[in-house]
Novice: 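Take this structure first; my questions come after.
Sequence lines set the chain letters: A, B, ... in the order given, protein chains first and strands last, and positions in each chain run from 1. Heavy-atom basis, side chains included; hydrogens, waters and symmetry copies ignored.
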There are 2 protein chains.
Amino acid sequence: MAARPSGAKSKGGTPAGGSPRPAPGDEPALSLERIVATAVDLLDAEGVDGLKMRRLADRLGAGAMSLYWHVASKEAVFDLALDRVLAYRAPPDMAGPGDWREDIVHMLEDWRESMLRHPWSASLLPRRALGQNILIRLELLGRALAKAGVAEADLNGAIWSLWNYVIGATITRASFDLTDDDRAAGQQRLTSEAYPTIERSRLLLDNDWDGAFRKGLDFLLDGLARGR
Amino acid sequence: MAARPSGAKSKGGTPAGGSPRPAPGDEPALSLERIVATAVDLLDAEGVDGLKMRRLADRLGAGAMSLYWHVASKEAVFDLALDRVLAYRAPPDMAGPGDWREDIVHMLEDWRESMLRHPWSASLLPRRALGQNILIRLELLGRALAKAGVAEADLNGAIWSLWNYVIGATITRASFDLTDDDRAAGQQRLTSEAYPTIERSRLLLDNDWDGAFRKGLDFLLDGLARGR
DNA sequence: GATTGACTCGTACAGCGTACGATGCGATTT
DNA sequence: AAATCGCATCGTACGCTGTACGAGTCAATC
């Protein structure tokens, strides 16, 4: 019996060591890195319900139980896959004296795009927050808002307002992405039942999601900048 | 073999008939109504992962497979439980000439509270939208915004902005509810790593969620009312 | 050469959703 | 009264899941 590494270790930067196993057949050997990357691929291809430990192991050319040396549980795979997808490389001028508003919009739009590129991430987020990369984004958000002159007492509220908006917009958008004829069916239901207003505005069709996202974000930023 | 009713039929108003079965032992007989209500109880008590068909049947004093006469699948149980929890009784003056802003705030705060009363609903929502009661709320939202003078072309965007915000705020709040020492651990992590801004503002602790929700909502409504 | 520790994997098990067919029972038809 | 029918219930069984367990492999170390 051996002790488990279990948690996701954050290696410094260097791999720090030669390849530990030259691979028996042809595969490049198992590693947390490879497991997470493959999990993301699998999630992209098959969705949340499509991720099974056996299937993931197959893709890696490994036995199902081998994964458990690197990973504590299937839940942990979800956590790691989610956080990996949310990585953010801030533009170099972000720390500088650039326009704070532009910085925020850029980061939040990137956030949204990252999640929409991997729609499963939106439905995973509610259950597990607070990964490494999420914290980085929150930190950047806090800095930009402080730069914008938001009072320290209002900072947390401002951060969470923006966070809430992005999360909500992204989750909604992602969940409406897959079901295309469901939307038509829904709109049909509007017609037959008593929802005249949203039926007339064709709420479930023809939506400019990107534009709406940007507009609401502007409203929020206006309010936050005006302070209180 | 018998045909399934499968979908959730919306009975008119009257039960339209005597009790179909006087119950063999003591139980008040199975029904969709009772199944959904019990599912909500079970979800409240045990969370999303705690809902198993066998356990649900046990609580109902029925065999596991009996549920499938009334319900197409476990997924359908989730759908029905979610929609049930989101029912909304609009105050009678909502259709009248009352303050539109008050109407909206009331409905959205009620929405948020309803979901927070059943935290599992927040994590369920991303996967399945568009239940009956959600549509009702969207319709009411649309009417109030129209009353507020929002141009028809901007109506959908305005509805979705508010929806997004509420969903995001609620999901975030709900997912931060259960993990109390996780929050402390998270805050601890902030200290040891490089997140000075949000560490100083104690982002993960001491949050006035309700106040922040209301403030962000006001910003959004300000922006929407100002038109554009 | 013996030992150790990192790593892999085959087998096995409990628990899940649910397909299927048998069964019971009130109402309807004959 | 007897036969039929449709709604509703449930026992059994099947395929699939996550993963506990322990045996196995190999490189590095002593």
Novice: Starting from C1' on C:dT18, measure out to CD on B:E75 and report it in whole angstrom.
Specialist: 13 Å
Novice: Rounded to the nearest Å, what distance is computed from the CG atom of residue B:L67 to the C1' atom of nucleotide C:dA19?
Specialist: 15 Å
Novice: A:W69 CH2 to D:dT19 P: how many Å, rounded?
Specialist: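 Between P of D:dT19 and CH2 of A:W69: 17 Å.
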Novice: Does the pair B:E33/B:R84 count as a salt bridge with the N-to-O cut at 4.0 Å?
Specialist: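 Yes, B:E33 and B:R84 are salt-bridged.
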Novice: D:dG18 base to A:R54 side chain: any donor-acceptor pair below 3.5 Å?
Specialist: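 Yes, the side chain and the base share a sub-3.5 Å donor-acceptor pair.
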Novice: Going by side-chain contact (heavy atoms from CB on, under 4.5 Å), A:T38 matches just one of A:D58, A:L43, A:L30, A:L56. Which one?
Specialist: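 Looking at A:D58, A:L43, A:L30, A:L56, the match for A:T38 under the side-chain contact (heavy atoms from CB on, under 4.5 Å) is A:L56.
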Novice: Could you walk me through whether A:I171 and A:M115 pass side chain to side chain contact (heavy atoms under 4.5 Å, CB included), step by step?
Specialist: CA-CA 9 Å; A:I171 283 180; A:M115 299 190 69; 5.5 Å; no
Novice: Could you check how far OH of B:Y68 sits from P of C:dC16, rounded to whole Å?
Specialist: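 Atom-to-atom, B:Y68 to C:dC16, this comes out as 12 Å.
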Novice: Can you sort out the partners of A:E109 under side-chain contact (heavy atoms from CB on, under 4.5 Å), two or more places apart, ordered by chain and number?
Specialist: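 side-chain contact (heavy atoms from CB on, under 4.5 Å) list for A:E109, sorted by chain: A:V105, A:E113, A:F213, A:R214.
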Novice: Rounded to the nearest Å, what distance is computed from the NZ atom of residue A:K52 to the P atom of nucleotide C:dG15?
Specialist: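 About 21 Å, once rounded to whole Å.
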Novice: Hey, does B:A57 reach any base, or is it just sugar-phosphate, or nothing, if we go heavy atoms under 4.0 Å?
Specialist: nothing
Novice: What's the CE-P distance between B:M53 and D:dA13, to the nearest Å?
Specialist: 21 Å
Novice: Without decimals, in angstroms, what is the distance between A:L56 CG and D:dG18 C1'?
Specialist: 13 Å
Novice: Name the residue closer to the 5' end of DNA chain D, choosing between A:R55 and B:G63 according to the nucleotide with the nearest heavy atom.
Specialist: B:G63
Novice: Just checking B:A62: base, sugar-phosphate only, or nothing, at a heavy-atom cut-off of under 4.0 Å?
Specialist: sugar-phosphate
Novice: Could I get the full list of ring-ring contact (aromatic ring centres under 6.0 Å, His included) partners for A:W111, not counting sequence neighbours?
Specialist: A:W163
Novice: Using a heavy-atom cut-off of under 4.0 Å over every strand shown, decide if B:L51 touches base, sugar-phosphate, or nothing.
Specialist: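 B:L51: backbone/sugar contact only, no base atoms under 4.0 Å.
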Novice: Hey, is the side chain of B:S66 poking within less than 4.0 Å of OP1 or OP2 on D:dC10, counting only N and O atoms?
Specialist: yes
Novice: Examine C:dT8: is either OP1 or OP2 under 4.0 Å from a nitrogen or oxygen in the side chain of A:H70? Give yes or no.
Specialist: yes
Novice: Please give, in whole Å, the distance from D:dT19 P to A:K74 NZ?
Specialist: 8 Å
